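Remarks on the structure that follows.
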There are 2 protein chains.
Amino acid sequence: MIFAALADPTRRAILARLTEGEATVGELAEPFDISLPAVSRHLKVLEAAGLISRTRSAQWRSSRLEAGPLREATAWMEDYRRFWDESFDRLDAHLKRTLARNEENHHD
Amino acid sequence: MIFAALADPTRRAILARLTEGEATVGELAEPFDISLPAVSRHLKVLEAAGLISRTRSAQWRSSRLEAGPLREATAWMEDYRRFWDESFDRLDAHLKRTLARNEENHHD
DNA sequence: AGTACATTTAACTTATTGGTTATTTAACTG
DNA sequence: CAGTTAAATAACCAATAAGTTAAATGTACT
């Protein structure tokens, strides 16, 4: 559920905005060129994923970032860390070989 | 793109399987109750996201885990770490309060 | 050359997603 | 209480995703 919530760029932008503090739906919608209901539904998705919580006060609903699911997501990715180090090593080796070959060829 | 690729549970299971080493499409498909073409397309999505690379040899295509994009994804999430600590603190405080209240009520 | 095998591509179906506008809900305000 | 404001919901539409079966591709085997 969390990855699906993060898959949309508008939702990621909303999360980024919320790092600066709570905001109302209207405020969150402002930078985007989409309708308010569209934003409202993005917020619903984020809330369902546990990435935001909302409080109502008068006619404003304030959204607040809840990063817990991100912690879980990184925990899941941790299992792959050893592989990305390895991938990097392989990439690194590859780049070095390529570079060396270039040096040989047109040794200017 | 990476988050969308990770959003599907079948694809995450495929990645998990690949931590045990390279595998052919048939081998990857085996644990799932879906058709081979379906698996083939999941692999295409993973490849497009840079999460696997593939080598052809005879009639088998072997898939290998490429964890680089996961590194980038965690890097992106790093920006939110301060918030999840904070969320945790808040959750923790909440749990402690709740626990204390329970202790009071039915102090068994 | 002909067949078998592993995989991909094509064509199609169904469900989900992300957007729209119009309507409804809820709370404040004069 | 009527009107305004903020947001959510409803009803709808187009695009995408995930699955299917059937056909095509590419390589190996005899």
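Each chain gets a letter, A, B and so on, in the order the sequences are listed, and its residues count up from 1. This is a predicted model, so every value here is computed, not measured.
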So if you build clusters from Ile, Leu, Val, Met, Phe, Trp, Tyr with side-chain heavy-atom gaps below 4.5 Å, do Leu6(A) and Ile34(A) land together? yes

Pick the closest DNA chain C nucleotide for Trp60(A) and for Asp8(A) by heavy atoms, then say which residue is nearer the 5' end. Asp8(A)

Categorize Arg56(A) for me: base, sugar-phosphate, or nothing, with a 4.0 angstrom heavy-atom threshold over every strand shown. nothing

For the side-chain contact (heavy atoms from CB on, under 4.5 Å) test, which of Ser63(A), Ser62(A), Ser40(A) pairs with Leu28(A)? Ser63(A)

Do Leu70(A) and Ile2(A) have side chains that approach each other closer than 4.5 Å (heavy atoms only, starting at C-beta)? yes

Boundaries of the chain B footprint along DNA chain C (any atom under 4.0 Å from a heavy atom): dC5(C) to dT9(C)

First contact, last contact: which nucleotides of DNA chain D are these for chain B, 5' to 3', heavy-atom distance under 4.0 Å? dA18(D) to dA28(D)

Base, sugar-phosphate alone, or nothing: which one does Ala38(A) contact when heavy atoms must sit under 4.0 Å apart? base

Taking for each residue the nucleotide of DNA chain C bearing the nearest heavy atom, is the 5' side occupied by Val25(B) or by His42(A)? Val25(B)

Would a 4.5 Å heavy-atom cut-off, applied to side chains only, mark Val39(B) and Thr10(B) as touching? no

Please answer: with hydrophobic residues joined when any side-chain heavy atoms are less than 4.5 Å apart, are Trp60(B) and Leu46(B) in the same cluster? no

Can you tell if the side chain of Phe83(A) reaches within under 4.5 Å of the side chain of Leu18(B), non-hydrogen atoms only? no

Atom CD in Glu22(B), atom CZ in Arg64(B): separation rounded to 0.5 Å? 5.0 Å

Do you know which two heavy atoms are closest between Trp84(B) and Met77(B), and how far apart they sit? CZ3-O, 3.5 Å

Contact class for Ile34(A) (heavy atom, under 4.0 Å): base, sugar-phosphate, or nothing? sugar-phosphate

